[in-house]
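Written out below as structure tokens is the structure these notes cover.
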Amino acid sequence: MDKKILDQQSQYWEKNFLSKPEMFGLEPSKAAEDTLKTLKKENIKNIVELGAGLGRDTIFFAKNSIHVSALDYSPTAIKTIDKKILGTKLANFISTKVFDVRKKLPFEDNSVEACFSHMLYCMALAMEELKYLNSEICRVLKPGGINIYTARHIGDGDYKNGTHIGGDLYKNDGFIVHFFSEEKVQKITDGFNILSIKRFEEGKFPRKLFRVVLKKK
């Protein structure tokens with residue numbers, strides 16, 4: 001697997017965010033709507049959103065009185081979120097930071113109530129990077145903290161289409177997607193108990209995804 005190809009994805013996302021400032025629409029993802037129910041059930045008021053993109057889920061959480069620390073490695077994405085919340089009451093609920101999740105997360109040990117990410121795990125990340133991300137999320141979460149993520153799975157129509165990058169990574173229309181099996185989910189759960197792995201669909205294609213809910217031991 002050519003690491004340079006994976007690294008180049010940041011430039012591709014940046015280009016697309018610049019040219020398509022609402023490429024995912026304004027409505028929250030189904031994953032965010034389901035996650036809000038979990039947060040309310042667990043009485044969680046503060047979360048870290050990893051790979052926040054253009055902020056549709058970030059803003060949805062803030063509108064529902066959830067404080068969000070939104071991280072994304074695209075400066076354009078973070079600027080877009082900042083612009084959307086400028087001069088609104090939502091600014092009190094949202095903090096943003098340009099950040100690459102392949103690095104050590106910028107939070108103290110045992111300091112975060114919950115993490116949420118929608119399709120971050122199925123970006124151009126190698127398995128060792130996913131395992132490192134899992135370990136970092138585990139480090140920053142409080143005992144009993146929740147990590148909720150979604151990832152496209154091997155039942156998705158794009159799996160094994162396009163250019164094979166290596167492993168279960170395929171490039172379609174310029175975007176690299178890392179497709180997940182349930183076995184792969186199991187491999188990146190060190191330090192967590194699995195509360196649920198559920199399948200759902202999103203979009204017109206549709207994309208077929210797992211929604212994984214983990215609880216720190």
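Excluded from the calculations below are hydrogen atoms, water molecules and symmetry mates; all remaining heavy atoms, backbone and side chain alike, are included. Counting begins at 1 with the first residue of the sequence.
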State, yes or no, whether a side-chain contact exists between [X] and [Y] at a heavy-atom distance under 4.5 Å.
X      : Y      : answer
Ile5   : Ile176 : yes
Phe179 : Ile154 : yes
Asp7   : Arg102 : yes
Arg139 : Glu108 : no
Ser181 : His153 : no
Val140 : Asp109 : no
Arg56  : His118 : yes
Ile148 : Ile146 : yes

Looking at every heavy atom in both [X] and [Y], which two are closest together, and how far apart are they?
X      : Y      : answer
Ala77  : Gly53  : CB-O, 3.1 Å
Glu14  : Ser74  : OE1-OG, 2.5 Å
Ala114 : Leu39  : CB-CD2, 4.1 Å
Ala151 : Tyr121 : CB-CB, 4.2 Å
Gly51  : Asp72  : C-OD2, 3.3 Å
Val68  : Ala62  : CG2-N, 4.4 Å

Under 3.5 Å, is there a donor-acceptor pair between the side chain of [X] and the main chain of [Y]?
X      : Y      : result
Ser117 : Leu120 : no
Gln11  : Gln8   : no
Gln9   : Met123 : no
Thr150 : Met119 : yes
Asn64  : Phe60  : yes

With rounding to the nearest 0.5 Å, note down the distance linking [atom1] in [X] to [atom2] in [Y].
X      : Y      : atom1 : atom2 : result
Ile66  : Thr58  : CD1   : OG1   : 12.5 Å
Leu86  : Lys79  : CG    : NZ    : 14.0 Å
Ile85  : Leu90  : CD1   : CG    : 7.5 Å
Lys142 : Ser111 : NZ    : OG    : 7.5 Å
Ile137 : Cys115 : CD1   : SG    : 5.0 Å
Lys63  : Thr88  : NZ    : OG1   : 9.0 Å

[X], [Y]: one ILVMFWY side-chain cluster at the under-4.5 Å cut-off?
X      : Y      : result
Val213 : Phe61  : yes
Tyr149 : Ile47  : no
Phe116 : Leu105 : no
Val101 : Leu141 : yes
Ile44  : Leu36  : yes

For residues [X] and [Y], establish whether the separation of their ring centroids is below 6.0 Å.
X     : Y      : value
Phe99 : Tyr73  : no
Trp13 : Phe175 : yes
His67 : Phe93  : yes

Does NZ in Lys30 sit with more than 12 non-hydrogen atoms of other residues, nucleotides or ligands closer than 6.0 Å?
->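 No, not enclosed.
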Identify all side-chain donor-acceptor contacts of residues 203-212 below 3.5 Å with residues at least two apart in sequence or on another chain.
| residue | atom | partner | partner atom | Å |
| --- | --- | --- | --- | --- |
| Arg207 | NH2 | Glu202 | OE1 | 3.0 |
| Arg211 | NH2 | Asp34 | O | 3.4 |
| Arg211 | NH2 | Thr38 | OG1 | 3.1 |

Is the closest basic N to carboxylate O distance between Lys131 and Glu128 below 4.0 Å?
->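 No.
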Show me the donor-acceptor pairs, under 3.5 Å and distance only, between side chains in residues 183-201 and residues at least two apart or in other chains.
| residue | atom | partner | partner atom | Å |
| --- | --- | --- | --- | --- |
| Lys184 | NZ | Asp168 | OD2 | 2.9 |
| Lys184 | NZ | His178 | NE2 | 2.8 |
| Thr189 | OG1 | Gln186 | O | 2.9 |

Side chain to side chain contact (heavy atoms under 4.5 Å, CB included) between Phe107 and Leu71, worked out = CA-CA 12 Å; Phe107 304 101; Leu71 277 57; 4.1 Å; yes
Tell me, please, which residues at least two apart from Lys216 pass salt bridge (Lys or Arg N to Asp or Glu O under 4.0 Å).
->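 Scan of Lys216 (salt bridge (Lys or Arg N to Asp or Glu O under 4.0 Å), adjacent residues dropped) gives none.
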I would like to know whether Ile78 and Thr80 meet side chain to side chain contact (heavy atoms under 4.5 Å, CB included); could you show each step before the answer?
-> CA-CA 5 Å; Ile78 293 301; Thr80 300; over 6 Å; no
